[in-house]
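What follows is a single structure, written as structure tokens, with notes after it.
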Amino acid sequence: MKNPQIITLFSGGLDSLLTAKLLERQGLTVRCLHFTAPFFGSAASVPHWRQEYGLDIAVQDVSEAFAALLRAWPAHGFGKVLNPCVDCKILLLREARKYMEAVGAQGLATGEVLGQRPMSQRRDTLNVILRDAAVRDVLLRPLSALHLPPTPLEESGLVDRDRLLGIWGRGRQDQLALAREMGIREVPTPGGGCRLTERENARRYWQVLTLTDAPTGADFALANLGRQFWHRTAEAAYWLCVGRNSADNEKLAAAARPGDLLLRLRDLPGPLALARKGAIWPLPVLESAAAHAASYAPKAMALGGAVAVRLVPDGVRGDLQITPARQEDAWGEPAWETVKAAVKAAARARTACAD
């Protein structure tokens, strides 16, 4: 494999695919860089993409850097849901530049299209991203290049500007036509997908962001698993995750950290539950959590009486004897509208402090 000349940010969506292929048409050696985090990316898809599209694709996990971005509050704010699109692009381009320099490449390229996204792909925002990511000297946006000033990559002769495109706006017909012309058989969705733009996921992440101390990438990844419940008191917030199926159960078991407790019915089939930092939960809270988790086991509910719940790892508390019952007054998850109001209130408070 030749050393790459251009590193292309590759989400797995159509625009990033076309960008890589467009540059390869010029005879350039392109390496795609696919970023992953709990909110986006799919390392498992990379082998298929390599085979289907014939691309050189590297994978980089940015979970911890993205968690730090959220903890610090995005400088450019959130979009309609919990998506920090501008800050996300800045972060990914900074990381991509580090990778570019490490492998000796000469430039970066993205599939951004002028006017396609209202938050992150306006002309003024594209310039902000160039500035704040410190990539003005190395970044190319091939799909909209003819609507943008020439870049150093074009001026140096590395990239032929006359063979770049002038796509603009939110329509996708130009991209689909180009995909057909390139003979792309498997046309991916327009974008790579981000869970932070989805209300159901965003309300989970907001709880993690605001109710845990210094949440990590692993914390946000846990929020993607199973059923999510929180119990709040004046002193603390307690986080309970309950598996929906055997695949969830396996993932929850793998996600357990020191100090967590796994709750499992001792004598009956049913969901596995993870109590984050459960080793220090008060016994009444732990019993309530066990009863709530057991209520999702049909056979435990059918007994109509007490069942045993085993705590893993085993500790001095031993098994819990509880009666399965849905504890909806104690364990719940806020509606999106509640979270949306909280996000807006936090943004107003930060703006007031800045002023």
Side-chain angles (χ1 to χ4, degrees), residues 35-44 61-74 78-85 87-88 91 192-233 236-263 271-281 285-286 288-289 292-293 296 327-328 330-343 346:
F35 289 110
T36 62
F39 320 103
F40 52 78
S42 174
D61 187 338
V62 291
S63 297
E64 297 312 319
F66 211 99
L69 183 160
L70 293 175
R71 291 196 304 267
W73 192 271
F78 293 108
K80 288 186 177 180
V81 187
L82 202 62
N83 46 308
C85 295
D87 293 86
C88 173
L91 169 65
C194 176
R195 295 184 180 94
L196 286 161
T197 65
E198 301 166 1
R199 296 178 179 183
E200 182 65 23
N201 291 311
R203 65 180 184 149
R204 293 180 167 206
Y205 300 141
W206 181 252
Q207 298 295 96
V208 177
L209 182 60
T210 58
L211 297 181
T212 62
D213 295 329
T216 65
D219 290 320
F220 288 111
L222 179 59
N224 290 331
L225 301 180
R227 301 176 176 92
Q228 299 280 310
F229 302 102
W230 290 82
H231 173 61
R232 298 183 65 177
T233 68
Y238 304 94
W239 184 7
L240 177 69
C241 311
V242 180
R244 296 178 184 271
N245 49 45
S246 59
D248 272 355
N249 290 350
E250 292 175 4
K251 290 176 182 177
L252 285 172
R257 303 189 307 203
D260 294 344
L261 285 180
L262 296 174
L263 286 62
L272 182 72
L274 186 151
R276 181 62 103 203
K277 300 183 180 179
I280 60 173
W281 287 14
V285 174
L286 197 55
S288 173
H292 188 69
Y296 289 94
Q327 308 283 313
E328 292 179 343
W331 296 94
E333 191 177 25
W336 164 246
E337 291 305 321
T338 301
V339 170
K340 181 179 179 181
V343 175

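What you see is a predicted model; the values in this text were computed from it and never measured. Along the sequence shown, residues are numbered consecutively beginning with 1. The figures that follow rest on heavy atoms only: side chains count, while hydrogens, waters and symmetry mates do not.
Of all the heavy atoms in A293 and A273, the pair that sits closest is CB-CB, 3.8 Å. Taking every heavy atom of both residues into account, E64 and A218 meet most closely at OE2-N, 3.9 Å. Scanning both residues, A37 and V62, for their nearest heavy atoms gives CB-CG2, 4.3 Å. Residues K80 and W336 approach most closely at O-CZ2, 3.9 Å, considering heavy atoms. S63 and D61 get closest at one heavy-atom pair: OG-OD1, 2.5 Å. The nearest pair of heavy atoms linking A342 to W206 is CB-NE1, 3.6 Å.
With hydrogens and angles disregarded, a donor-acceptor distance shorter than 3.5 Å links the side chain of N83 to the backbone of V81. Looking only at distances, no side-chain donor or acceptor of H231 sits under 3.5 Å from a matching main-chain atom of W331. Not a single donor-acceptor pair under 3.5 Å links the side chain of D248 to the backbone N or O of L225. Here the side chain of Q228 pairs no donor or acceptor atom with the backbone of C241 at under 3.5 angstrom. Panel note: side chain N201, backbone E198; no donor-acceptor pair is recorded below 3.5 Å. Put simply, the side chain of T212 gets close to the backbone of V208: a donor and an acceptor are under 3.5 Å apart.
At a threshold of 4.5 Å between non-hydrogen side-chain atoms, the residues L91 and D87 do not count as touching. Within the 4.5 Å cutoff, no side-chain heavy atoms of L272 are placed close to those of L263. Between R195 and P38 the shortest side-chain heavy-atom distance does not fall below 4.5 Å. Contact of the L70 side chain with the F220 side chain is registered, since non-hydrogen atoms from C-beta on lie closer than 4.5 Å. Here the side chains of P84 and L69 are in contact, with some heavy-atom distance below 4.5 Å.
No hydrogens or angles considered: a donor-acceptor pair under 3.5 Å links the side chains of N224 and Y205. Looking only at atom types and distance, the side chain of T216 has a donor-acceptor partner in the side chain of D219 under 3.5 Å away.
In terms of the salt bridge (charged side-chain N to carboxylate O under 4.0 Å, His left out) criterion, R199 has no residue partners (sequence neighbours excluded).
Here C194 contributes atom SG and F39 contributes atom CZ; the two are 8.0 Å apart, rounded to the nearest 0.5 Å. How far CG of L252 is from CG of D260: 10.5 Å, rounded to the nearest 0.5 Å. Here CD of E250 is found 5.5 Å from OG of S246. Values are rounded to the nearest 0.5 Å.
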**Request:** Just do the side chain to side chain contact (heavy atoms under 4.5 Å, CB included) check on L274 and L222 with the steps written out, would you?
**Result:** CA-CA 10 Å; L274 186 151; L222 179 59; 4.1 Å; yes
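Remark: R276 is positioned above the aromatic ring of W239, its terminal NZ or CZ atom under 6.0 angstrom from the ring centre and at most 45 degrees off the axis.
The aromatic ring centres of Y238 and W281 sit less than 6.0 Å apart. In this structure, W73 has its ring center under 6.0 Å from that of F78. For F35 and F66, the ring centers are positioned 6.0 Å apart or more.
The salt bridge (charged side-chain N to carboxylate O under 4.0 Å, His left out) contacts involving residues 204-218 comprise R204-E333, where partners must be two or more places apart or lie in separate chains.
Residue-environment remark: CZ (R71) exceeds the threshold of 12 foreign heavy atoms within 6.0 Å.
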